[in-house]
Amino acid sequence: MPASHPRKADTQLEQYRSKRDFTKTQEPSGGPAKSGGKGYRFVVQKHDATRLHYDFRIELDGVLKSWAVTKGPSDNPEDKHLAVRVEDHPLDYGSFEGTIPEGEYGGGTVMLWDEGTWEPIGDPHAALEEGDLKMRIKGRRMKGEWVLVHMKGRDSKRKSGPDRENWLLIKHGDDYARDNEPLTERFTRSVSTGRDLDGIAKGLKSRKASKTPRTAVWHARAHETQPNKRTQPSDGKPLYAESGINAAEAAGIKLTSPDRVVFPGQGVTKADLVAYYAAVAERMLPYIEQRPLSLLRCPQGRTKYCFFQKHDTGGFPDAMKTVQIAEKDGDEESYFYIDDVAGLIAGTQMNVLEWHLWGSRIKDVEKPERIIFDIDPDEGLGFEHVRSAAVDIRQELEAWDLESYALVSGGKGIHVIAPLRPSTEWPEVKTFCKMVAQRLAEQYPDRFTANIRKAQRKGKLFIDYLRNERGSTAIAPWSSRSRQGAPAAVPVTWDELETVTSANQFTLADAAERAKGPDPWKDYFATTQSITKAMLSAVEKKP
C-alpha cells in the first residue's frame, strides 16, 4: 500500500464542508479518518441531483477522492465516460444513502450503488499528478482493471474558483470486460438496502432480505394454499421476493417484471422463482450444467400459453450459453446450456418454468452419462402402482449390475435414473433400455407395456425408454414444473419413496427446504458403471 500523503484529512475536507449546511443535510460532516480495513475502500453512489450521475470514490490519504461520472461506469473498454473531478469527501460518506434537501448543494437522492476495495497499479500520488491512475477494483459490480485519465488541456474554465478537471473513466480489456448490457442497466438497486432511487426518495424501508428467513419463508408458504385458491401473501413473502431481486442483481441479470405472478394458485412471482433457484442451485447445477437443454417458457405464467424452445433465437442474457450441435441431417443448430446460478436466473428472467436436459454433456454429446426410465401411468391408476413399478425397474437394473436413483417428477410419474460413465454411444444405450422395458413387460404383462401406442396402455403403466436417444430430454432434478400447485421434480432416496403419496407432492417450498438437508443422491456422482459391463455380466450369468 502507498504511504500516507502528508496533507491532513481535515485540510482536504475544507471545500467539502464549506459547501454544506450540516444542520439541514444528513450528509456526514466527516469524523476522524478511519481506514476501510483490508485494502483501500471504493464506492460508487448513484446521485439523482440536477442531472443523474454516478459519484466514483476511492480512499486515499484519509479521504475519498471523488469524480462525478455523467453516464456511470461502463465495463465496455470501448466506452470512455466523462468523469469530472470534484472535492474530496470524508471516508464515512461512503456509507451515506438518502436524500439531500432541495436547495442544498447536491440536492437530490443518493444510492449506494457499489462498494468494495481498490488497489493502485503503481504509485497513486504520481499517477494522480500525471493524470493516468490505473487501479484494480474488487467491487460487487465493478471488477477488474480500470483507469482514470486526465484530459489535460480540456478542463472546463470557470469565472470563479478552480477550473473543473475533466477525466475519463475507462475499463481495461480483461476477463471482466463485456460489450453488451451496460452495468448501469444491469444493476439499478442499492447494494446496501435493495431499494431503487424512488424507494430511497420516498423513505421506504430497506428491501434487503437476510439469508436466514429465506427458506423459512418457503417452508411457511408450503401449506398456505389449496388448489385454485389465491393466497394472501404471508408476512415473509416480500422478503423472499426481495431475495430473488438481490440474487438477480448479484448474478448480473436484469430482472424485469419481478412481481408478475407465474403460479396464480400459490401467488408465486417471478422474483420468488428466482429466489427458489438461488436456494437450490448448489444441488441442481451438478445435474444440469454443461448439458444441452430444452426449455419450457411461459411468458404470462403457467396458466397461459407455454412453448418449448431448444434453439437460441436471440435476446437471452449471456449467462444462457449456447453450443453448436449437428442435427440428424448434418446441419448445425445452436443449443442452450448453462454453467452456473446466473444461468438459472437468466432462464427464469426469460420465463423458463421447466428445464429439460439431454442425457449427455456438451463435451461429448454422442455418449450419454445416464439412462432414464419414465413411468407413465394410465388414467385411473393410483400412485402406489407407480411406486411399485419404480422398485421393479430398480431390481431389474440391479440384475444388470446397475445402481439407480429415484426422481419424483412433479408430474404424474417417477423417473428411475442410472448414472453411466460416458463410454457407450446412443444407439447401444437405447437398445439396452428398450430390452429392459420389454423384459419387464413380458414378465408382468398385466401391469406394464413398452408400447408407445395409447391403445396398448389401458390399465397399465407405460415404461418410457424413448428418452434414451440422441436429442431426447427429461426434466432436470430440482426443476420447477408448470403445473397446478407449483410442484418441483425432487430426488428422493428409495426408502423415502415408500412414503411419497403423489408425483407432485413436493412444492417449490418443500424443495427449497429439502435442499438444505441431507443429499438424497449423495453417491450419484461416485457411481461408476457402464452398459457394456452390465451386458457382459448378464451374458456370463446365463445358464
Side-chain angles (χ1 to χ4, degrees), residues 41-58 64-89 93-94 96-97 99-100 105-116 118 127-128 131-158 163-192 195-201 248-250 252-256 317-318:
R41 191 175 184 190
F42 135 83
V43 296
V44 178
Q45 284 155 316
K46 187 175 181 179
H47 191 175
D48 189 12
T50 304
R51 179 180 298 175
L52 180 68
H53 63 277
Y54 293 74
D55 292 313
F56 178 87
R57 312 188 196 280
I58 55 174
L64 292 173
K65 303 293 183 183
S66 300
W67 289 259
V69 185
T70 52
K71 293 184 179 180
S74 170
D75 46 8
N76 183 349
E78 297 297 318
D79 293 335
K80 298 173 176 60
H81 287 180
L82 177 65
V84 179
R85 180 84 179 267
V86 298
E87 72 274 12
D88 296 340
H89 282 52
Y93 202 97
F96 175 69
E97 179 171 281
T99 302
I100 301 171
Y105 179 78
T109 307
V110 177
M111 172 201 291
L112 186 57
W113 184 83
D114 198 10
E115 63 181 355
W118 78 285
L128 276 172
D132 186 15
L133 177 59
K134 297 181 178 67
M135 68 197 86
R136 294 186 185 90
I137 293 177
K138 298 178 182 178
R140 294 172 62 178
R141 293 168 178 173
M142 292 179 68
K143 299 178 187 294
E145 292 189 5
W146 298 70
V147 62
L148 277 163
V149 179
H150 185 192
M151 296 189 292
K152 294 182 178 179
R154 299 183 63 180
D155 290 339
S156 302
K157 302 293 183 181
R158 307 174 77 180
D163 292 344
R164 191 176 75 169
E165 290 186 9
N166 292 327
W167 296 59
L168 297 174
L169 179 63
I170 307 169
K171 180 77 182 77
H172 279 176
D174 56 20
D175 290 343
Y176 296 101
R178 56 191 292 173
D179 59 5
N180 63 350
E181 211 178 0
L183 271 173
T184 54
E185 292 183 14
R186 296 207 304 276
F187 303 112
T188 60
R189 293 180 179 270
S190 166
V191 293
S192 174
R195 300 179 294 180
D196 58 13
L197 280 172
D198 188 54
I200 297 170
E249 282 207 353
I253 306 300
K254 184 179 180 182
L255 188 63
T256 61
D318 289 346

Checklist line | Neighbour count >12 (heavy atoms, 6.0 Å) for atom NZ, Lys152 | finding: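 Atom NZ in Lys152 is crowded, with more than 12 foreign heavy atoms closer than 6.0 Å.
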
Under a 4.5 Å cut-off applied to non-hydrogen side-chain atoms, are [X] and [Y] in contact?
| X | Y | answer |
| --- | --- | --- |
| Glu249 | Arg140 | no |
| Asp114 | Phe42 | yes |
| Asp196 | Thr188 | no |
| Leu128 | Arg85 | yes |
| Arg178 | Arg186 | yes |

Next item on the list: Measure the acute angle between the ring planes of Phe96 and Tyr93, then classify it against the limits of 30° and 60° as parallel, tilted or perpendicular.
Entry: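 Tilted: the ring planes of Phe96 and Tyr93 meet at 30° to 60°.
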
Next item on the list: Give me the ring orientation class for Trp167 and Trp67: parallel if the planes are under 30° apart, tilted from 30 to 60°, perpendicular past 60°.
Entry: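 Plane angle over 60°, so perpendicular.
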
Notebook entry, point to check: Excluding sequence neighbours, so at least two apart, what forms ring-ring contact (aromatic ring centres under 6.0 Å, His included) with Phe187?
Noted result: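 Partners of Phe187 under the ring-ring contact (aromatic ring centres under 6.0 Å, His included) test: none.
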
Checklist line | Lys143 side chain to Ile137 backbone, donor-acceptor under 3.5 Å | finding: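 No, because the side chain of Lys143 does not come within donor-acceptor range (under 3.5 Å) of the backbone of Ile137.
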
Check: Which pair of heavy atoms, one from Arg51 and one from His53, lies closest together, and at what distance?
Finding: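 The answer is O-ND1, 3.0 Å.
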
Notebook entry, point to check: Which distance, rounded to the nearest 0.5 Å, do you find between the NZ of Lys46 and the CG of Leu112?
Noted result: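 Reported to 0.5 Å precision, the distance equals 12.5 Å.
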
Check: Between CG of Leu64 and CG of Asp88, what distance do you get to the nearest 0.5 Å?
Finding: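 Answer rounded to 0.5 Å: 8.5 Å.
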
Item checked: Ion pair check, Asp174 and Lys171, cut-off under 4.0 Å ->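 Here Asp174 pairs with Lys171 in a salt bridge, since their nearest N and O are under 4.0 Å apart.
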
